[in-house]
Amino acid sequence: MRQSWLVARFTFREAVRKRAFWITNIIYLIMLLGMMIIMPLVGGMDGGDMNLNFGEGGFSNATAYLLDESGSHYLAPVRHSLENLGMTVVEITPAQLEDSLVAISEDAGAAVVHITANEYDTLHAEIIMRDMMSRFPANGVGALINMEFRHAQLVEAGVDHEVSISILQSEVMIEPVWQAGFAAMGASLVLMMIMFMSVHSYGTSVAMSVATEKSTRVMETLIVSAKPPRILVGKVIGMGSVGLVQMLGLIIIAGLLSALTSGADAPVEMSMGDINLWVAPLLLLYFLAGYALYALINAMLGAMVSKLEDLNSALAPAAIITMISFYAGGLGPMITGGGQVGRAVMLFPFTAPFAAPTVLLNNDFDPSVVLPSILILVGSVVLLSWLAGKVYSASVLHYGSRLKYKDVGKLVKGNKK
Amino acid sequence: MSLIVNNLTKRFGPKTAVDQLNFNITQPGVYGLIGTNGAGKTTTIRMILDMLPIDHGSALWNGKTVKKSGLRYGYMPEERGIYAKTRVLDQLVYFGRLRGLSKSESIAAAKQWMQRLGVTEYERMPAEKLSKGNQQKIQLISTLIHDPQLIFLDEPFSGLDPLNSQLFHELISDMAANGKTIIMSSHQMATVEQYCREITLLHRGHALVQGNLADIKRGYGHTKLVLSADVQAYNMAHQAGLTLLEQLPAECVFSLPEKDGDAICAQLLRDLLAADIIPEKFVLSEPTLHEIFIDKVGKVEGGVA
């Protein structure tokens with residue numbers, strides 16, 4: 001155990017000392033800061049032409065070129081309403097349409113509102129704007145046209161003017177409420193991504209570390225000092241610690257940034273109140289066991305190559321397993337809403353680490369699934385550690401062409417003697 | 001202290017890499033393991049060190065199987081391997097600690113060795129910035145940092161300049177004098193001849209020649225005469241049945257016939273003296289290890305004899 005600990009410490013220190021580690025951290029931080037800056041901006045964009053707040057802003061600098069070819073008598077009230085909201089309204093004839101189109105091509109706040117009717121007298125309003133970045137409040141104008149149309153119909157049907165307005169302004173407020181709220185869903189998505197990134201990045205780093213030691217022949221010096229399985233365990237722990245420290249650091253920085261930037265104007269108010277914090281130790285267990293499972297696979301594959309240029313192709317099977325497991329385990333329960341799919345992916349060791357955040361954070365905790373799932377996952381890690389130790393011991397002194405799986409089998413068999 | 005290798009055998013599929021190898025080392029000193037490429041030297045070392053499982057036979061140090069936990073041994077592999085990006089002192093301390101030393105012991109031992117080998121100034125440098133010779137010194141320090149009793153050196157002199165070779169020579173001599181058991185694998189026969197009292201010559205997994213080097217040479221008897229005299233003396237040597245092997249500016253080297261070589265040389269010396277020719281040099285010599293190697297391997301291969 002002492003030797004594994006020494007290897008882990010050395011691996012950790014060497015990884016942290018590398019320039020690549022700090023460059024990755026800086027990139028992650030820039031991405032994080034970028035997200036912090038972009039998110040409010042994206043939220044703020046909703047206040048533009050998508051916001052149907054008739055009384056404020058959006059209408060005052062806009063110009064509508066109204067062309068009514070429907071023969072209806074709704075145009076006057078529409079025009080009146082728009083002008084009341086501060087919009088400049090210009091009524092045009094079909095002959096003036098071309099000139100109006102030219103005019104709106106030079107004004108991001110202008111649009112041609114072309115109203116027509118079909119043979120059943122159904123109205124159709126076409127709002128022609130310059131481009132997708134236009135500031136013209138199309139939705140608001142559309143809603144207003146609809147409102148005036150319905151109002152006129154109600155009045156024609158004999159409904160009192162005031163009653164009609166009252167009917168049109170009243171609506172049922174619909175509020176979707178999820179038992180497991182936004183924070184739980186967001187957290188499970190973030191944890192899934194962290195799990196995937198950790199498995200992919202640090203699993204690959206373990207393989208890279210093993211392959212580098214082999215290709216530079218340090219391995220021969222190393223295995224004189226310690227038994228190969230101890231070296232392997234040390235490497236997995238060392239690189240895993242790097243991942244854990246990096247991820248924890250990013251989570252802390254993200255939390256601090258979030259606390260600094262959030263306030264009354266924050267677009268989305270996050271509350272952790274709907275997350276059961278007691279599942280945190282379980283999630284940590286899934287995280288560690290999941291990382292160990294994939295890191296051991298990567299270490300085995302790394303030990304099978306003698307040249308670093310062969311590493312990518314050697315790691316392809318691990319990458320495929322990781323991707324399939326991520327989609328099946330991570331997104332499966334989310335799409336299907338848990339159920340049988342959720343149970344199945346929790347019981348399969350490769351998918352369980354990706355499924356656990358969704359299943360546990362969304363209050364789908366079922367001891368009859370979670371406990372066997374943990375036992376199977378931990379059992380698989382133990383089994384794979386034993387197998388990885390055998391493969392690693394047999395492969396690390398093999399030089400030359402990349403080992404095939406059957407060759408590894410033979411070497412392991414030969415090493416038993 | 002004894003290393004007893006008994007019927008050591010290793011097979012890789014249909015190929016037998018080492019076949020029933022036996023040798024005993026019963027006294028401290030340097031033991032030579034020589035052979036062609038692929039002869040089985042490295043495989044033998046790996047089996048003794050428990051890095052490779054033994055198919056058959058055994059390797060016992062003081063009657064016990066060599067284990068990492070039970071014995072301080074050092075191994076410098078043929079292919080040098082150190083962490084290129086890691087600072088020299090850091091990696092030496094790491095290897096020292098892996099071999100059972102405490103941190104302070106590792107630092108002290110590393111600094112002591114670095115001072116002895118003249119690389120102290122590089123202790124904070126990444127190893128990749130060192131010259132090949134200095135990297136080799138670091139590799140040697142990592143092998144010896146924990147003061148092992150049994151030391152395996154695989155081609156220790158390859159790539160060293162004469163000054164560093166001399167430094168390694170002195171170090172190995174000191175270790176042998178201090179009671180260490182060293183097994184040296186090398187292609188440089190002159191080096192092996194300089195250090196090793198006993199050798200094993202391996203070829204294709206088999207031991208072709210084994211034992212005390214002086215005895216082996218004695219078994220061959222005198223094979224050459226080095227003669228430094230005037231031209232008449234060289235002619236007389238030729239007439240006596242000696243074959244000219246090499247003509248150097250100041251002397252000639254003759255090969256002796258397999259039978260009665262010593263008697264022919266004795267008669268030649270008497271004839272030279274009778275003719276009032278006093279040779280400046282008249283030396284009968286045994287074959288060098290290089291010649292024995294060529295002879296033995298050549299016979300097996302059916303090539304050069």
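These numbers were taken from a predicted model, which means no experiment stands behind them. Just so it is clear: chains get the letters A, B, ... in the order the sequence lines come, proteins before strands, and each one is counted from 1.
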### Residue B/Leu98 versus chain A: region with a heavy atom under 4.5 Å
both

### Message
Testing the basics here: between B/Gly81 and A/Thr221, what is the closest heavy-atom pair and its distance to 0.1 Å?
### Response
O-OG1, 3.4 Å

### Query
Mind checking whether B/Tyr83 and A/Phe10 have parallel, tilted or perpendicular rings, split at 30° and 60°?
tilted

### CD-CG distance between A/Glu220 and B/Asp154, expressed to the nearest 0.5 angstrom
8.5 Å

#### Entry: Nearest-0.5 Å distance, CG of residue A/Leu222 to OH of residue B/Tyr94
5.0 Å

### Message
Applying a heavy-atom distance below 4.5 Å, give me the residues of residues 11-19 of chain A that approach chain B, sorted by number.
### Response
A/Arg13, A/Glu14, A/Arg17

### Task
Could you list which of residues 100-122 of chain B have a heavy atom closer than 4.5 Å to any heavy atom of chain A, in residue-number order?
B/Gly100, B/Leu101

### Min side-chain heavy-atom separation B/Arg97-A/Gln3 under 4.5 Å
no

### Message
Enumerate the side-chain hydrogen bond (donor to acceptor under 3.5 Å, both in side chains) contacts for residues 285-304 of chain A, please, sequence neighbours excluded, ordered by first and then second residue.
### Response
A/Tyr286-A/Ser373, A/Tyr294-A/Ser325

### Residue pairs passing the ring-ring contact (aromatic ring centres under 6.0 Å, His included) test where at least one lies in residues 208-237 of chain A, sequence neighbours excluded
none

### Side chain proximity check, B/Phe95 to A/Val218, heavy atoms < 4.5 angstrom
yes

### Query
Above 12 or not: heavy atoms from other molecules or residues under 6.0 Å from NE2 of B/His187?
yes

